[in-house]
Amino acid sequence: MAIIEPIKVTGLAEFNRNLRKLNTDLPKVLRIGLNESAQLVVDWAQPRVERRSGRAARSIKAKSTRTAARVIGGGPRVPYYPWLDFAGKVGPKRSVQRPLRPEGRHIYPGLGEQRDEIHRALVNSLINVADSAGIEVSNG
């Protein structure tokens with residue numbers, strides 16, 4: 001499996017700047033729409049994470065700014081998450097081994113599987129934000 005390319009929206013930063021000129025609350029609505037799109041990957045990935053306590057699965061979250069959305073996994077309380085997703089060798093003298101998967105097991109495959117749904121959600125979010133700004137938009 002090849003590594004999945006991120007979804008890029010050309011002109012999103014400019015769109016966001018122009019929204020801010022119309023109404024300062026509109027970029028927040030756009031960020032929420034970006035989070036909802038990223039949440040599709042989170043919902044796909046979380047049930048597929050191996051579990052002992054469930055902490056690793058709960059560490060997968062959607063994060064966004066006004067111009068970017070991302071899905072993260074792990075953190076200070078779950079420093080082993082990258083090993084669960086991509087694998088390798090860990091432990092004393094690197095004694096615990098797991099087959100390496102450069103494309104990952106959870107987040108990137110979720111992006112690949114949910115790509116069309118994410119695209120639809122992004123387009124719908126952009127159209128909804130534009131409509132709420134009073135900008136006439138057609139999907140096409």
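Keep in mind it's a predicted model, so treat the numbers as computed, not measured.
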Asks: Check this for me: E50, atom CD, are more than 12 non-hydrogen atoms of other residues, nucleotides or ligands nearer than 6.0 Å?
Replies: yes
Asks: Before giving the answer on side chain to side chain contact (heavy atoms under 4.5 Å, CB included), spell out for L84 and R98 the whole-Å C-alpha distance, their side-chain angles and the decisive distance to 0.1 Å.
Replies: CA-CA 9 Å; L84 287 174; R98 183 179 178 140; 3.4 Å; yes
Asks: Out of curiosity, does W44 fall in the hydrophobic cluster containing L122 (side-chain heavy atoms, cut-off under 4.5 Å, transitive links)?
Replies: no
Asks: Roughly how far apart are R66 CZ and R31 CZ, rounded to 0.5 Å?
Replies: 10.0 Å
Asks: Just verifying a value: how many Å separate D25 CG and S132 OG, rounded to the nearest 0.5 Å?
Replies: 10.0 Å
Asks: Closest heavy-atom contact between I60 and V42?
Replies: O-CG1, 3.5 Å
Asks: Which distance, rounded to the nearest 0.5 Å, do you find between the CD of Q46 and the CZ of R51?
Replies: 7.0 Å
Asks: If hydrophobic clusters are built by linking Ile, Leu, Val, Met, Phe, Trp and Tyr wherever their side-chain heavy atoms come under 4.5 Å apart, do I32 and L30 end up in the same one?
Replies: no
Asks: Looking at P27, is its backbone amide N or carbonyl O close enough to the side chain of N16 to form a donor-acceptor pair, meaning the two atoms are under 3.5 Å apart?
Replies: no
Asks: Going by salt bridge (charged side-chain N to carboxylate O under 4.0 Å, His left out), name the pairs with one or both residues in residues 114-124, residues two or more places apart or in two chains.
Replies: E117-R120
Asks: To the nearest 0.5 Å, what is the distance between CZ on R17 and CG on L12?
Replies: 10.0 Å
Asks: Taking all heavy atoms of E103 and all of F86, pick out the closest pair and write down the distance.
Replies: C-CE2, 4.2 Å
Asks: Within a strict 4.5 Å, meaning less than it, do heavy atoms of the I135 and L22 side chains meet?
Replies: yes
Asks: Work out which heavy atom in D85 is nearest to a heavy atom in H106; give both atom names and the distance.
Replies: OD1-N, 2.8 Å
Asks: Could you walk me through whether L126 and V9 satisfy the side chain to side chain contact (heavy atoms under 4.5 Å, CB included) test, starting with their C-alpha distance in whole Å, then the side-chain angles of each, then the deciding distance to 0.1 Å, before giving a yes or no?
Replies: CA-CA 10 Å; L126 291 170; V9 179; 4.1 Å; yes
Asks: Is there a chain of hydrophobic side chains (I, L, V, M, F, W, Y, each step under 4.5 Å between heavy atoms) that links Y108 to I7?
Replies: yes
Asks: Begin with the C-alpha distance, continue with both residues' side-chain angles, and end with the deciding distance and a verdict on side chain to side chain contact (heavy atoms under 4.5 Å, CB included) for R105 and R48.
Replies: CA-CA 8 Å; R105 289 175 170 76; R48 290 165 173 80; over 6 Å; no
Asks: Can you name the nearest heavy-atom pair linking A133 to L26, along with the distance?
Replies: CB-CD1, 3.4 Å
Asks: Check the pair V96 / W83 against side chain to side chain contact (heavy atoms under 4.5 Å, CB included), numbers first and verdict last.
Replies: CA-CA 11 Å; V96 180; W83 180 80; 3.9 Å; yes
Asks: L111, I72: one ILVMFWY side-chain cluster at the under-4.5 Å cut-off?
Replies: no
Asks: CG/L34 to OG1/T65 distance, rounded to the nearest 0.5 angstrom?
Replies: 7.5 Å
Asks: What pair of heavy atoms forms the shortest contact from G74 to S59, and how long is it?
Replies: N-OG, 2.9 Å
Asks: Nearest 0.5 Å, please: how far is NZ in K28 from CG in N23?
Replies: 9.0 Å
Asks: Using distance alone, with no hydrogens and no angle criterion, decide if S64 and N35 have a side-chain donor and acceptor under 3.5 Å apart.
Replies: yes
Asks: Quick check against the 3.5 Å criterion: does N128 have a side-chain atom that pairs as donor or acceptor with the backbone of N124?
Replies: yes
Asks: Which heavy-atom pair separates G73 from I107 by the least distance, and what is that distance?
Replies: N-CD1, 3.9 Å
